[in-house]
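Note that ligands are numbered from 1 as they come in the structure, with each ligand's atoms numbered from 1 the same way. Owing to the predicted nature of the structure, the values given are computational and were not obtained by experimental measurement.
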Amino acid sequence: MRFRAATSTLKRCGLLSLPIKDWLRGLEAYSPPSGEGIEVVLDLNESPWPPPESVIEAIVRALRSSNRYPRREDVEPVREALAEYAGVEPRHVVIGLGGDMVIEKAFQLVVRPGDAVVLPESCFSMYPFYARVNGARVAGVTLSERGEEWVLDWQLLLEIVKRERPSLVGIDNPNNPTGSIIVPGEGELVELLENAMRRRVLVVLDEAYYEFSNVTYVGLTEAYPNLLIIRTLSKAFSLAGLRVGYGIAHPELVAKLESLMPPFLPKPSLYAARAAIEDRGYVRRVVEVIVSEREWLRERLKMLGLKTYRSSTNFVSFKPGIDNLEEKLRERRIAVKSFRIGDYKIVRATVGKPRDNSMLVNALREVLESG
Ligand SMILES: Cc1ncc(COP(=O)(O)O)c(C=O)c1O
């Protein structure tokens with residue numbers, strides 16, 4: 001009875017009478033795109049190949065004891081394997097449900113309502129999302145097109161860091177959605193880190209596509225406790241659906257991030273991660289094929305007269321040439337994703353299996369020819 005009275009009061013006042021934070025009132029749920037009717041899935045930068053058999057076997061083993069919470073013995077070997085893979089000590093590694101969760105915790109740790117967060121425009125969508133969730137405003141540094149690359153104006157970035165006094169700077173390198181390497185070099189990054197250190201700013205450097213770029217600044221985490229590197233097993237390791245990512249940072253920063261992590265990560269994900277890191281040969285083959293297919297795809301897009309960009313990732317971005325390209329490809333059961341960078345529109349297509357890539361090229365030819 002009393003319960004019914006309470007619900008009717010809530011109904012009368014409306015749910016929004018709850019003390020929801022002002023900056024969260026307009027926020028809507030992230031809704032994953034539908035895969036229904038799609039034959040060629042090239043919209044989320046996943047690996048087109050499933051994980052190897054060794055990973056599937058490890059998941060089955062984990063399922064057999066899934067009545068139990070994961071113990072320390074289930075987690076620590078994963079941390080050790082990731083550390084060995086990344087060339088750091090295990091105390092430099094924090095594991096999350098996807099790189100996404102490590103990014104979330106970084107924001108939770110340092111970003112207060114009203115703060116500025118400096119990001120390239122555009123970048124991986126979860127950065128502006130977590131800025132918003134934490135009540136911060138985004139100070140964007142626009143990317144500009146230079147030949148076949150997108151570049152970040154590093155001097156402008158340094159000025160904005162000085163002017164805005166942000167709590168966090170996030171840079172995805174390579175950048176999503178352009179595929180470009182946007183950190184000019186170690187000297188420039190060190191200059192940013194020094195500046196950021198003086199102003200007590202956390203720099204999140206996202207290397208989600210490291211396996212495709214071979215560019216890493218992990219070596220700087222020892223000297224710069226304000227640097228957090230993000231990595232993931234969602235791309236080259238074919239584990240997107242199991243949600244395993246990690247951060248690499250100075251042990252003191254790792255300890256602070258760990259203090260915000262949920263107590264348990266799913267056992268199948270932990271077991272899968274360990275097996276995936278051990279099967280290095282599989283990842284090497286996946287990367288090799290994707291890189292060669294990526295270059296094939298770029299060449300074919302160029303032959304269709306499309307402006308494409310050099311990519312250090314598992315996707316290719318290009319100027320669409322016509323309106324509504326994403327929709328027109330969807331009608332042909334192919335999913336890609338379009339983005340806006342300032343006044344430009346670009347389309348991002350994940351590199352798929354050879355057959356997927358051929359189907360994309362053929363569909364693009366048809367769509368472009370029919371206007
Ligand atoms: C730049 C970048 N960072 C992080 C991620 C997150 O990956 P996950 O949460 O699957 O580890 C992605 C995924 O697309 C990405 O593009």
Is the charged tip of Arg348 near the ring of Phe315: under 6.0 Å from the six-membered ring centre and within 45° of its axis?
-> yes
Is Pro174 close to ligand 1, meaning an N/O of one under 3.5 Å from an N/O of the other?
-> no
Run the salt-bridge test on Glu149 and Arg146 with the 4.0 Å N-O cut-off and return the result as yes or no.
-> no
Examine Lys105 relative to Phe107 and say whether NZ or CZ is less than 6.0 Å from the centre of the six-membered ring and inside a 45° cone about the ring axis.
-> no
For the pair Phe212 and Tyr209, name the ring-plane relationship: parallel under 30°, tilted 30 to 60°, perpendicular over 60°.
-> tilted
Shortest non-hydrogen separation from Arg298 to Arg310 and the atoms involved = NH1-CA, 3.4 Å
Worked verdict on Arg355 versus Glu39 for salt bridge (Lys or Arg N to Asp or Glu O under 4.0 Å) | CA-CA 11 Å; Arg355 180 174 168 272; Glu39 195 183 339; 3.3 Å; yes
Top protein contact for atom 3 (N) of ligand 1, by heavy-atom distance = Asp206 OD2, 2.6 Å
At a 4.0 Å threshold, what atoms of ligand 1 neighbour a non-hydrogen atom of Asp172?
-> 1 (C)
For ligand 1, which atoms sit closer than 4.0 Å to a heavy atom of Tyr209?
-> 1 (C), 14 (O), 15 (C), 16 (O)
Contacting atoms of ligand 1, where contact means under 4.0 angstrom from a heavy atom of Lys235 | 13 (C), 14 (O)
Contact with ligand 1 for Asn45, non-hydrogen, under 4.0 angstrom = no
Glu164 with Arg199: basic N within carboxylate O range, under 4.0 Å = no
Is Arg280 positioned over the aromatic face of Tyr85, cation under 6.0 angstrom from the ring centre and no more than 45 degrees off axis?
-> no
Atom 7 (O) of ligand 1 [closest protein heavy-atom partner, distance rounded to 0.1 Å] | Thr232 OG1, 4.0 Å
Ignoring angles and geometry beyond distance, decide whether Tyr127 reaches within less than 3.5 Å of ligand 1 through its nitrogen or oxygen atoms.
-> no
Should the proximity of Met126 to ligand 1, defined as any heavy atom under 4.0 Å, be assigned to the side chain, the backbone, both, or neither?
-> neither
Under 4.0 Å from one or more heavy atoms of Arg243, ligand 1 contributes atoms 8 (P), 9 (O), 10 (O)
Check each atom of ligand 1 against the heavy atoms of Ser234 and keep those under 4.0 Å away; list them by number with element.
-> 8 (P), 10 (O), 11 (O)
For Asp100, counting its heavy atoms only, list the atoms of ligand 1 lying under 4.0 Å from any of them.
-> 9 (O)
